[in-house]
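The analysis underlying the following values was restricted to heavy atoms, covering all of them including side chains, and did not include hydrogens, waters or symmetry mates.
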Amino acid sequence: QVQLVESGGGLVQAGGSLRLSCAASGRTVSSYPMGWFRRAPGKEREFVAAISSSGGRTSYADFVKGRFIISRDNAKNTVYLQMNSLKPEDTAVYYCARGALGLITSSARGYDYWGQGTQVTVSS
């Protein structure tokens, strides 16, 4: 079993920054791709970013390109999402997940373990 715990969410003004962390326990996630998703109120869950097991490849949703950066520290079994230039429309619960397919994917079906999420609220 793998437990994923997100942290770092909170309330921030538009234009501000937050750094989310996803700490894994139970088993290492260093051999797996990892992803971040989000769900805004009244909307479907959507892909935000993903990173390969080595950290050498990343993928981003168009709406966060140039603003968010995904990274990982395999020695700490932790994945990060640095969020800059935040907008009110970034308000959502952010979830991290472990990839199950060995490849980066934007599909939620490609992830097998999920965290409980951390709330990010961006005020205008």
Side-chain angles (χ1 to χ4, degrees):
Q1 288 290 330
V2 175
Q3 292 80 42
L4 301 175
V5 178
E6 303 92 339
S7 62
L11 174 63
V12 64
Q13 288 189 329
S17 298
L18 284 174
R19 187 195 195 201
L20 305 184
S21 298
C22 172
S25 62
R27 298 183 68 178
T28 179
V29 295
S30 62
S31 300
Y32 297 86
M34 297 291 291
W36 285 96
F37 289 75
R38 71 185 188 186
R39 177 173 286 163
K43 295 187 177 181
E44 296 292 319
R45 179 174 54 188
E46 61 184 354
F47 169 76
V48 175
I51 188 167
S52 63
S53 58
S54 68
R57 287 192 61 204
T58 57
S59 176
Y60 296 93
D62 287 343
F63 55 78
V64 302
K65 283 182 180 177
R67 299 190 299 125
F68 291 10
I69 300 171
I70 188 171
S71 62
R72 66 190 301 161
D73 184 338
N74 285 339
K76 295 182 178 179
N77 228 16
T78 301
V79 180
Y80 305 97
L81 186 67
Q82 177 67 44
M83 306 187 296
N84 302 318
S85 302
L86 283 162
K87 305 174 181 180
E89 51 264 42
D90 293 319
T91 294
V93 177
Y94 284 72
Y95 302 88
C96 70
R98 190 189 79 166
L101 303 176
L103 299 174
I104 289 178
T105 177
S106 61
S107 171
R109 289 176 291 181
Y111 296 83
D112 53 2
Y113 288 97
W114 294 79
Q116 293 298 306
T118 185
Q119 176 70 48
V120 171
T121 302
V122 185
S123 63
S124 57

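- Closest approach of Ile104 to Ala50, counting heavy atoms only: CG2-CB, 3.6 Å.
- Atom CG of Asn77 is separated from atom OG1 of Thr28 by 4.0 Å, given to the nearest 0.5 angstrom.
- Salt bridge status for Lys65 with Asp62: present, with a side-chain N to carboxylate O gap under 4.0 Å.
- From Phe37, atom CZ reaches atom OH of Tyr111 across 4.5 Å, with rounding to the nearest 0.5 Å.
- Under a 3.5 Å cut-off, the side chain of Asn74 and the backbone N or O of Ser54 do not form any donor-acceptor pair.
- Proximity of Glu89 to Val122: side-chain heavy atoms (C-beta onward) are nowhere separated by under 4.5 Å.
- Rounded to the nearest 0.5 angstrom, Leu4 CG and Tyr95 OH are separated by 13.0 Å.
- If you chain together hydrophobic residues whose side chains sit under 4.5 Å apart, Leu18 and Val93 never meet in one group.
- For Gln13 (side chain) and Ser123 (main-chain N/O), no donor-acceptor pair under 3.5 Å exists by modelled atom type.
- Other residues, nucleotides and ligands contribute only 12 or fewer heavy atoms inside 6.0 Å of the CD atom of Gln116.
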- Message: Applying side-chain contact (heavy atoms from CB on, under 4.5 Å) to Met83 and Val12, what does each step give before you reach the verdict?
- Response: CA-CA 11 Å; Met83 306 187 296; Val12 64; over 6 Å; no

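- Annotation for Ala108 and Arg45: closest pair CB-NH2, 3.6 Å, computed over non-hydrogen atoms.
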- Query: Can you check side-chain contact (heavy atoms from CB on, under 4.5 Å) on Lys87 and Phe63, steps first, answer last?
  - Reply: CA-CA 11 Å; Lys87 305 174 181 180; Phe63 55 78; over 6 Å; no

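- Counting only distance, with no hydrogens or angles, the side chain of Arg67 and the backbone of Ser85 share a donor-acceptor pair below 3.5 Å.
- The two atoms that bring Tyr60 and Ala49 nearest to each other are CD2-CB, 3.6 Å, heavy atoms only.
- Nearest heavy-atom pair, Leu20 versus Val120, reported as atom, atom and distance to 0.1 Å: CD2-CG2, 4.0 Å.
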- Message: Please evaluate residues Asn84 and Ser17 with respect to the criterion side-chain contact (heavy atoms from CB on, under 4.5 Å), reporting the C-alpha separation (whole Å), side-chain torsions for both, the decisive distance (0.1 Å), and the verdict.
- Response: CA-CA 4 Å; Asn84 302 318; Ser17 298; 3.0 Å; yes

- Message: Could you walk me through whether Gln119 and Leu11 satisfy the side-chain contact (heavy atoms from CB on, under 4.5 Å) test, starting with their C-alpha distance in whole Å, then the side-chain angles of each, then the deciding distance to 0.1 Å, before giving a yes or no?
- Response: CA-CA 8 Å; Gln119 176 70 48; Leu11 174 63; over 6 Å; no

